[in-house]
J.: 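So that we are looking at the same thing, I have put the structure below in structure tokens.
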Amino acid sequence: MFISNAYAADAPATGGTMELIFMLVIFGLIFYFMIFRPQSKRVKEQKNLMGSLSKGDEVLTSGGILGKIAKISDENDYVLLTINETSEITIKKDYIAAVLPKGSIKSL
């Protein structure tokens, strides 16, 4: 009775469809170049590293262990690392982070 009725005004028509498509394309490009491409590059480098491992290589594991490869098991992806003359451990190939230059362990 004391308050008058409020009616919504008609919204003006805007060209939002093209702007939305443009923003989605930009977002897709940012996603590809910032997330997907670098990750696939890292996976490819790790796969090449796993394929290039051979007996006698000195490696660094993701846990920080330095060792020399004594045996590579092809059927189950495990590697036997020699840490020193008396200690050997078995790890999965996936946990090898880097191949070190020859003589790195003796220089420590």
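The shown structure was predicted, so the numbers you read here are calculated from the model rather than taken from an experiment.
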J.: Looking at residues at least two apart in the chain, or sitting in another chain, which of them share a side-chain hydrogen bond (donor to acceptor under 3.5 Å, both in side chains) with Glu75?
T.: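 Result, side-chain hydrogen bond (donor to acceptor under 3.5 Å, both in side chains) vs Glu75: Ser73.
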
J.: For the backbone of Ser40 and the side chain of Glu45, can you confirm whether one donor and one acceptor N or O come within less than 3.5 Å of each other?
T.: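 Side chain of Glu45 to backbone of Ser40, a donor-acceptor pair under 3.5 Å: no, none is there.
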
J.: Kindly write out the residues that satisfy side-chain contact (heavy atoms from CB on, under 4.5 Å) with Ser62, not counting sequence neighbours, or none if the list is empty.
T.: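 So Ser62 forms a side-chain contact (heavy atoms from CB on, under 4.5 Å) with Tyr95.
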
J.: Rounded to the nearest 0.5 Å, what's the gap from CD1 on Ile105 to NZ on Lys68? Could you check?
T.: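 One finds 6.5 Å between CD1 of Ile105 and NZ of Lys68.
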
J.: Dump the intermediate steps for side chain to side chain contact (heavy atoms under 4.5 Å, CB included) on Ile83 and Ile65, then the final yes or no.
T.: CA-CA 8 Å; Ile83 299 172; Ile65 299 173; 4.1 Å; yes

J.: Among residues at least two apart in sequence or on other chains, which ones pass side-chain hydrogen bond (donor to acceptor under 3.5 Å, both in side chains) with Ser107?
T.: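 With neighbours one apart ignored, the set is empty.
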
J.: Test: salt bridge (Lys or Arg N to Asp or Glu O under 4.0 Å). Region: residues 23-43. Which pairs qualify, not counting sequence neighbours?
T.: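 Matches after skipping sequence neighbours: none remain.
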
J.: Might you work through the side chain to side chain contact (heavy atoms under 4.5 Å, CB included) test for Leu81 and Thr61, ending with a clear yes or no?
T.: CA-CA 10 Å; Leu81 286 183; Thr61 66; 3.8 Å; yes

J.: Got a list of side-chain donor-acceptor pairs under 3.5 Å for residues 47-54, not counting sequence neighbours?
T.:
| residue | atom | partner | partner atom | Å |
| --- | --- | --- | --- | --- |
| Asn48 | ND2 | Lys44 | O | 3.4 |
| Ser52 | OG | Asn48 | O | 3.4 |
| Ser52 | OG | Leu49 | O | 3.1 |
| Ser54 | OG | Asp57 | OD1 | 3.4 |
| Ser54 | OG | Asp57 | OD2 | 3.3 |

J.: Donor-acceptor pairs are to be reported for all side-chain atoms of residues 20-28 against protein atoms at under 3.5 Å, with residues two or more places apart or in another chain.
T.:
none

J.: Going by the salt bridge (Lys or Arg N to Asp or Glu O under 4.0 Å) test, which pairs reach into residues 81-98, not counting sequence neighbours?
T.: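 Matches after skipping sequence neighbours: none remain.
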
J.: Check whether more than 12 heavy atoms from other residues, nucleotides or ligands sit under 6.0 Å from atom NZ of Lys102, and answer yes or no.
T.: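 Yes, because the 6.0 Å sphere around NZ of Lys102 holds more than 12 heavy atoms from other groups.
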
J.: For Leu100, which residues count as a side-chain contact (heavy atoms from CB on, under 4.5 Å) partner, sequence neighbours excluded?
T.: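 Per chain and number, Leu100 pairs via side-chain contact (heavy atoms from CB on, under 4.5 Å) with Glu58, Leu60, Leu66, Ser104.
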
